[in-house]
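Report on the structure given below.
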There are 2 protein chains.
Amino acid sequence: MTKNAQIPLSCELCSLRDKSIFRDLGDVELKELSDAKSCVYFKKGQILMHEGSRPNGVFCLHHGKAKIFRLGTEGKEQIIRFAKDGDLIGYRSLLSDENLSASISALEDTHACYIPKSALLHLIETNPKFSLNIMKLSCHELGQAGKIITNLAQKSVRERLAEILLLIDATFGLDEDDNLNVSLTREEIANMVGTATESVIRLLSEFKDDDLITVKGRKIKINNKSSLIKIGNVYD
Amino acid sequence: MTKNAQIPLSCELCSLRDKSIFRDLGDVELKELSDAKSCVYFKKGQILMHEGSRPNGVFCLHHGKAKIFRLGTEGKEQIIRFAKDGDLIGYRSLLSDENLSASISALEDTHACYIPKSALLHLIETNPKFSLNIMKLSCHELGQAGKIITNLAQKSVRERLAEILLLIDATFGLDEDDNLNVSLTREEIANMVGTATESVIRLLSEFKDDDLITVKGRKIKINNKSSLIKIGNVYD
DNA sequence: ACAATAACATGACAAAAATCATAAAAATTG
DNA sequence: CAATTTTTATGATTTTTGTCATGTTATTGT
């Protein structure tokens, strides 16, 4: 990772702050955070953190996208979740005092802020509201994880793929041509759905034949969201 | 739920305290907690909390066992995790300020303490160490959830069943005859593994034929833990 | 731009797991 | 304790999904 590449932005001026975990910090705290953090840059494909390691801080994504994934028994990636601008990543193992349970890699060139453990813990210890926000975040993710577990256990690959397309839409939104605003290989989609790459390829073709989506390479456009909702049995 | 049935124990005298989330409370805090909580009793099969609802407190299990589960699309239970003596349950939705993402039911007659939301939040706001313990708990569970997700996505039913038997062992331990110390139907095991009841029945018979386990009704004894570890590809 | 590499696509087949059917055994309850 | 319901067991079959093979098309790096 490259230190201090671009974004010389201070946390005080960060446009993402209101939507981030740091939304409730006071001026002094923001200044301290700004002084403690460093700006880092990752090229597409680079690893931000490595499963099993013990990082000494967390990242807050400033501009970019990342995947959080675990390696299964046969060395196959299982993508647990995605991260987008403003998201805090790596906090889980830091707070549970465990090795990292997953790796993080950049889905595209990504600017992030690295926040040392000490700065994060200081905030937690001194700012109850921040502390509560962290709890809210981890507890929310825990609820999401329960939903994913249930889907993996009970839904078909077809249902899960439909749901994942909707999740990608909800997470990253659309680009200027209304395509899903992230470039994922079929293999990465499969690693999120929890299936074989070939199955994703086949099912995407089916969805395309049924005009549910338009596919041009890695650009995917959702034409019929309500049908995908039905196919995926998505109720929320 | 029946109020004040048995266990008139105060938190100060609770033998489970040292292993519970309340391990770091001071004397005054313990007294306040003790005054705020109520003792409740559930018969086997009773629901402690209902998915979708908004409880106004949490439970700490005093003596008993519970399953935490979600209902999937076809109304099938997916067991997310088990709870045993000393475990705190229901805190997730309370802290994330969401509806309950799962139901909780008693696997056997269970004594629990009901702790009002206000008492829990008061502790969080005033005791940073307690607050950190809660974070540690939710973050640890989040890591576990990631592992479960990866297993469901990548392991075979056979592998998952082997792993679940070991998980039950690790969670509930053994009874006086060295059987797994919990009574689960084959269907419940299937709802944990994420498969059909018949598949669990067949695989348990196979494990029995291979002398990995001994089965007498719902009593299951693990004869060969290391083989189960191998079959389940369990590396931790 | 071009070669090398990685990703995509599709068919054929195999394996895993679900479903359906039926019977026997247990557990529960009036 | 007899009756009813639930659970367990097993076989037969279907469905779903994964794997392997092969060719094509995109990407990437020099």
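Below, read A as the first sequence line, B as the second, and so on, with proteins coming before strands; counting in each chain starts at 1.
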Between Ser205(A) and Arg218(A), name the one whose nearest nucleotide on DNA chain C is closer to the 5' end. Arg218(A)
What is the distance from [atom1] of [X] to [atom2] of [N], rounded to the nearest Å?
| X | N | atom1 | atom2 | result |
| --- | --- | --- | --- | --- |
| Glu188(B) | dT8(D) | CD | P | 9 Å |
| Lys216(A) | dA7(C) | NZ | C1' | 19 Å |
| Ile189(B) | dA9(D) | CD1 | P | 10 Å |
| Phe207(B) | dA9(D) | CZ | C1' | 17 Å |
| Leu161(B) | dA18(C) | CG | P | 12 Å |
| Ile201(A) | dT25(D) | CD1 | C1' | 12 Å |
| Glu77(B) | dT7(D) | CD | P | 11 Å |
| Lys219(A) | dA7(C) | NZ | P | 17 Å |

Enumerate, atom names and distances included, each donor-acceptor pair closer than 3.5 Å involving a side-chain atom of residues 199-211 of chain A, sequence neighbours excluded.
residue: Ser205(A); atom: OG; partner: Ile201(A); partner atom: O; Å: 3.1
residue: Glu206(A); atom: OE1; partner: Arg158(A); partner atom: NH1; Å: 2.7

Check whether [X] reaches the backbone of [Y] with its side chain - one donor and one acceptor, N or O, closer than 3.5 Å.
| X | Y | answer |
| --- | --- | --- |
| Arg186(B) | Thr197(B) | no |
| Asp175(A) | Asn181(A) | no |
| Arg160(A) | Lys155(A) | yes |
| Glu163(B) | Asn233(B) | no |

Nearest heavy atom decides the nucleotide; on that basis, is Leu184(B) or Gly217(A) closer to the 5' end of DNA chain D? Leu184(B)
Between Lys44(A) and Thr197(B), which has a closest nucleotide on DNA chain D that is more 5'? Thr197(B)
Please encode protein proximity along nucleotides 16-22 of chain D as a string of B, S and -, counting only heavy-atom distances under 4.0 Å. -SSBB--
Does a donor on one side chain and an acceptor on the other come within less than 3.5 Å for Ser103(B) and Arg70(B)? no
List the steps, then state whether side chain to side chain contact (heavy atoms under 4.5 Å, CB included) holds for Leu48(A) with Leu61(A). CA-CA 11 Å; Leu48(A) 282 72; Leu61(A) 288 200; 4.3 Å; yes
